[in-house]
Amino acid sequence: MNPWLCAALTGLTAGAHSSIWGMYKDAPHEGFSLRVFTRSMVFGTAVALLIARVTGLFPADAASFVVFFGVVYVVERAVAEAYKTFFRQQDQSKYTIPMQFAVFGKPVESRGLRMLLGVAYVGIMVLTLWLILMLQRSIGGRPPLWVIFLVGGAAGWISAFGGAWKDAPIEGFQIFKFFRSPVMAGTYAVLVSLLTDDLVLITMAAEGFVIMTTETYKTFFFPSKPRGKFAGKPVIFPEWLRLRQRFVPLYVLIWLVVIGAYVVAASEGQKTPVRLWDRVSA
């Protein structure tokens with residue numbers, strides 16, 4: 001199969017996975033919109049093609065598919081959440097926890113200030129990846145396992161601080177929740193390191209799988225519990241409590257495909273050949 005088509009299909013699949021858990025938690029409160037539901041699929045496809053072009057990574061075998069899937073997942077989610085938090089203008093009264101950037105639970109009304117903060121936030125994420133790239137370039141090859149665990153949790157720390165800033169003023173600070181993302185990210189980083197030696201790809205893919213895991217747990221293990229942003233809000237579209245179940249088999253299938261690919265890649269000792277630090281050094 002054409003490598004660009006493989007990349008596009010992988011991006012579409014990652015976007016579909018994100019779309020399903022998003023719809024599952026939101027549809028009973030907001031209703032179903034085909035435009036909203038397909039948004040992550042379209043954007044995931046575009047992100048996948050861009051990542052393939054920039055990094056040279058294509059889902060050519062089981063190992064590269066798993067790494068590529070995780071990287072696409074985290075980039076799609078990071079851009080989507082940054083847009084909703086800092087750049088989108090939307091009525092926040094329907095949410096228990098504001099989705100726009102807020103200070104002590106009160107949304108910042110100045111759109112210009114939010115956009116400026118959004119640019120800074122994206123800049124921090126890009127700078128973090130650049131520093132990781134420079135660290136590996138200085139190491140000159142595969143880093144030790146403890147470095148993989150600690151550095152692989154970097155995106156998890158960004159997620160933890162961002163989540164605490166948004167949720168703690170409403171729900172209170174939860175120690176377990178705060179440390180969950182970086183610990184999970186470090187653990188996933190060690191697992192992903194079996195498939196690639198590149199620390200940037202490891203870090204990004206690991207956080208992608210953290211998002212997949214935490215959203216699956218929060219969405220499907222407690223289906224009758226409204227998500228924090230809708231806590232205490234009425235179910236306006238009760239028919240979607242039933243209709244949303246139709247999407248679960250596809251959601252589970254995507255999980256099985258990713259897990260199966262990982263098992264195949266790890267058991268066969270496959271590794272992606274892409275090494276971003278070499279591309280920078282060249």
Side-chain angles (χ1 to χ4, degrees), residues 7 9-27 37-45 47-48 51 57 59 62-82 84 125 148-149 152-160 162-163 176-177 179-196 200-223 225 227-229 244 247-266 272:
L9 289 176
T10 303
L12 178 65
T13 304
H17 194 272
S18 176
S19 293
I20 292 172
W21 62 252
M23 175 278 302
Y24 196 94
K25 64 184 178 63
D26 293 346
F37 182 69
T38 57
R39 183 172 55 199
S40 286
M41 301 182 206
V42 174
F43 189 56
T45 302
V47 165
I51 289 173
L57 176 65
S64 57
F65 165 76
V66 173
V67 176
F68 190 80
F69 185 97
V71 172
V72 171
Y73 206 102
V74 73
V75 173
E76 188 276 327
R77 283 293 84 207
V79 174
E81 291 303 318
K84 290 188 288 185
M125 291 191 290
I148 292 173
F149 180 84
W157 284 111
I158 294 175
S159 175
F176 172 77
K177 184 178 179 180
F179 287 100
R180 180 181 61 195
S181 288
V183 171
M184 287 181 64
T187 303
Y188 268 121
V190 172
L191 294 174
V192 174
S193 71
L194 297 177
L195 310 183
T196 176
V200 171
L201 296 180
I202 289 171
T203 302
M204 295 178 71
E207 183 60 20
F209 294 128
V210 169
I211 297 171
M212 286 182 67
T213 303
T214 55
E215 292 298 341
T216 297
Y217 174 73
K218 292 187 293 184
T219 302
F220 296 96
F221 282 68
F222 303 95
K225 180 181 179 181
R227 297 295 297 276
K229 68 177 182 179
R244 65 183 183 175
F247 296 83
V248 174
L250 176 59
Y251 188 86
V252 173
L253 177 61
I254 295 173
W255 257 119
L256 293 175
V257 168
V258 175
I259 294 172
Y262 180 86
V263 171
V264 169
T272 61

J.: Quick one: are V67 and V192 in side-chain contact, heavy atoms under 4.5 Å?
T.: yes

J.: Which residues pass the ring-ring contact (aromatic ring centres under 6.0 Å, His included) test with F37, not counting sequence neighbours?
T.: F32, F247

J.: Nearest 0.5 Å please: distance from the CE atom of M184 over to the OG1 atom of T213.
T.: 4.5 Å

J.: Going by the rule side-chain contact (heavy atoms from CB on, under 4.5 Å), which residues pair with V74 if we only count those two or more places apart in sequence or in a different chain?
T.: M204, E207, I211

J.: V183 and F149: which non-hydrogen atoms are nearest, and at how many Å?
T.: O-CE1, 4.1 Å

J.: With sequence neighbours excluded, tell me which residues meet side chain to side chain donor-acceptor pair (under 3.5 Å) with T272.
T.: T196

J.: Any idea which heavy atoms bring G11 and V72 closest together, and the distance?
T.: CA-CG1, 4.0 Å

J.: Is there a side-chain contact between S64 and L57 (heavy atoms, below 4.5 Å)?
T.: yes

J.: Looking at residues at least two apart in the chain, or sitting in another chain, which of them share a side-chain contact (heavy atoms from CB on, under 4.5 Å) with V248?
T.: Y24, F220, Q245, V252

J.: I need the full list of salt bridge (charged side-chain N to carboxylate O under 4.0 Å, His left out) pairs touching residues 68-78, with sequence neighbours left out, sorted by first then second residue.
T.: R77-E81

J.: Under 3.5 Å, which donor-acceptor pairs link side chains of residues 254-265 to any protein atom two or more places apart or in another chain?
T.:
unit_1: W255; atom_1: NE1; unit_2: H17; atom_2: NE2; d: 3.3
unit_1: W255; atom_1: NE1; unit_2: T216; atom_2: OG1; d: 3.0
unit_1: Y262; atom_1: OH; unit_2: L191; atom_2: O; d: 2.8

J.: For the atom pair CG (L9) and OG1 (T45), what is the distance rounded to the nearest 0.5 Å?
T.: 8.0 Å

J.: Roughly how far, to the nearest 0.5 Å, is the OH atom of Y251 from the CD1 atom of I20?
T.: 8.0 Å

J.: Do I51 and V75 have side-chain heavy atoms sitting under 4.5 Å apart?
T.: yes

J.: Nearest 0.5 Å, please: how far is OG in S40 from OH in Y73?
T.: 8.5 Å

J.: Heavy atoms only: give me the nearest T10-P59 pair and the separation to one decimal.
T.: OG1-CG, 3.5 Å

J.: Taking all non-hydrogen atoms of both residues into account, name the closest pair between V210 and Y188 and its distance.
T.: CG2-CD1, 3.7 Å

J.: Ignoring hydrogens, what is the shortest heavy-atom contact between A185 and A206? Give both atom names and the distance.
T.: O-CB, 3.5 Å

